[in-house]
Amino acid sequence: MTFAGIPDEALAFYEGLEADNSKAYWTDHKQVYDACVRDPLLALMAGLEAEFGPAKLFRPYRDVRFSKDKTPYKTHAAFVTRDDASGLLYCQLGADGLSFGGGYHHTSTDQGQRLRAAVADDRTGQALTQVLAPLESDGWEVGGERYVRVPKPYLPDAPRAELLRAKSLTVFRHHEPAEWLHGPGCLDRVAAAWRAVGPLNDWLATYVGPPRDVVQR
């Protein structure tokens, strides 16, 4: 299937789901989800695969086992390429438009330790700020899990103190609905966004790398 864009009906589907997150709505609109959300995203993933590798489309159902919010369906669709060494590339579609992300969304204990050590080191820490600066100036938000304060052995007033609070490190950018979303050029937008994340993922792969403290069973 050749990617031709994401139809406007996909946005309307999620507008309706936000207003009525019920099994009845889902059942009545399942064909819209399949034809206007799932199938275009699968085609988009296929178009990106040659450059970025295979991606996984997340299930549309929420895990409500441990949540007070029992609404059954996610109000967005998303897919991700994931590698424990090189970081993730992420794309999300909802009623509010299209979003992109990348980096390390979660880290193991040893990854977090290496991340903060690389931030603290002047050479690698400055290299990271040089990677993040053009992303931030282009509208990307730097995120990830954070400690409340800078953890020991680092000092609260150390250089790059905000990044030293990081348990994980991601970047995220959102685009409001626009005409390009509905045509084949949407694929080029996603590809360009993922290429922009490349230097961050390269930095993470070089100075943090995959988990090493996995318990062997």
Side-chain angles (χ1 to χ4, degrees), residues 3 5-6 10-11 14 41 44-45 47-49 51-53 55-58 74-107 111-112 114-116 118-147 150 159-183 185-210:
F3 178 70
I6 296 170
L11 308 185
Y14 280 113
L41 290 185
L44 177 57
M45 291 161 56
L48 294 164
E49 184 171 354
E51 181 174 355
F52 300 101
K56 171 188 174 181
L57 181 65
F58 289 109
K74 297 174 183 176
T75 54
H76 62 266
F79 61 88
V80 64
T81 68
R82 181 81 192 238
D83 186 290
D84 286 338
S86 60
L88 63 82
L89 296 166
Y90 178 82
C91 183
Q92 175 179 302
L93 171 69
D96 60 348
L98 201 65
S99 302
F100 313 120
Y104 281 4
H105 186 61
H106 296 293
T107 60
Q111 283 180 302
R114 291 195 300 276
L115 171 59
R116 291 184 292 278
V119 169
D121 181 273
D122 279 339
R123 180 181 64 86
T124 55
Q126 289 178 15
L128 176 59
T129 60
Q130 291 171 0
V131 165
L132 294 177
L135 288 168
E136 291 183 284
S137 66
D138 198 32
W140 292 80
E141 296 180 13
V142 178
E145 298 175 288
R146 292 288 186 271
Y147 289 103
V150 175
R160 299 170 294 280
E162 179 60 28
L163 288 171
L164 283 172
R165 293 175 49 225
K167 297 181 183 180
S168 59
L169 184 59
T170 62
V171 290
F172 188 82
R173 184 177 184 182
H174 175 69
H175 288 278
E176 298 289 335
E179 281 303 313
W180 58 261
L181 183 65
H182 307 308
C186 177
L187 189 152
D188 297 327
R189 294 269 186 158
V190 180
W194 281 7
R195 290 186 200 111
V197 177
L200 172 60
N201 281 351
D202 289 344
W203 186 93
L204 290 167
T206 301
Y207 300 114
V208 181

Any chance you could measure E51, atom CD, to T81, atom OG1, to the nearest 0.5 Å? 11.0 Å
Which pairs with one or both residues in residues 196-209 pass salt bridge (charged side-chain N to carboxylate O under 4.0 Å, His left out), sequence neighbours excluded? none
Qualifying salt bridge (charged side-chain N to carboxylate O under 4.0 Å, His left out) pairs with a residue from residues 119-139, counting only residues at least two apart or across chains: D122-R160, D138-R173
Can any side-chain N or O of E49 pair as donor or acceptor with the backbone N or O of A55 at less than 3.5 Å? no
Over 60° means perpendicular and under 30° means parallel, so tell me whether F100 and W140 are parallel, tilted or perpendicular. tilted
Could you pull out all residues at least two apart from E141 that satisfy side chain to side chain contact (heavy atoms under 4.5 Å, CB included)? none
Looking at CD1 of I6 and CG of L93, how far apart are the two atoms once the value is rounded to the nearest 0.5 Å? 5.0 Å
Can you check whether G102's main-chain N or O pairs, donor with acceptor, with W194's side chain at less than 3.5 Å? no
I'd like to check the side chain to side chain donor-acceptor pair (under 3.5 Å) partners of H106; sequence neighbours left out, ordered by chain and number. E145
Taken in chain and number order and not counting sequence neighbours, the residues that satisfy ring-ring contact (aromatic ring centres under 6.0 Å, His included) with F3 are none
With Y147 via side chain to side chain contact (heavy atoms under 4.5 Å, CB included) - residues at least two apart: R116, P151, K167
By side chain to side chain contact (heavy atoms under 4.5 Å, CB included), which residues pair with D96, not counting sequence neighbours? H174
My understanding is that only residues two or more places apart in sequence, or in another chain, count here; which of them pass side chain to side chain donor-acceptor pair (under 3.5 Å) with T107? none
If the condition is side chain to side chain donor-acceptor pair (under 3.5 Å), which residues does R146 pass it with, not counting sequence neighbours? none
Quick test of your reading: applying salt bridge (charged side-chain N to carboxylate O under 4.0 Å, His left out), list the pairs with at least one residue in residues 85-95, sequence neighbours left out, ordered by first then second residue. none
My understanding is that only residues two or more places apart in sequence, or in another chain, count here; which of them pass side chain to side chain donor-acceptor pair (under 3.5 Å) with E162? R165
Which residues share a side chain to side chain contact (heavy atoms under 4.5 Å, CB included) with A78, sequence neighbours left out: F58, H76, Y90, Q92
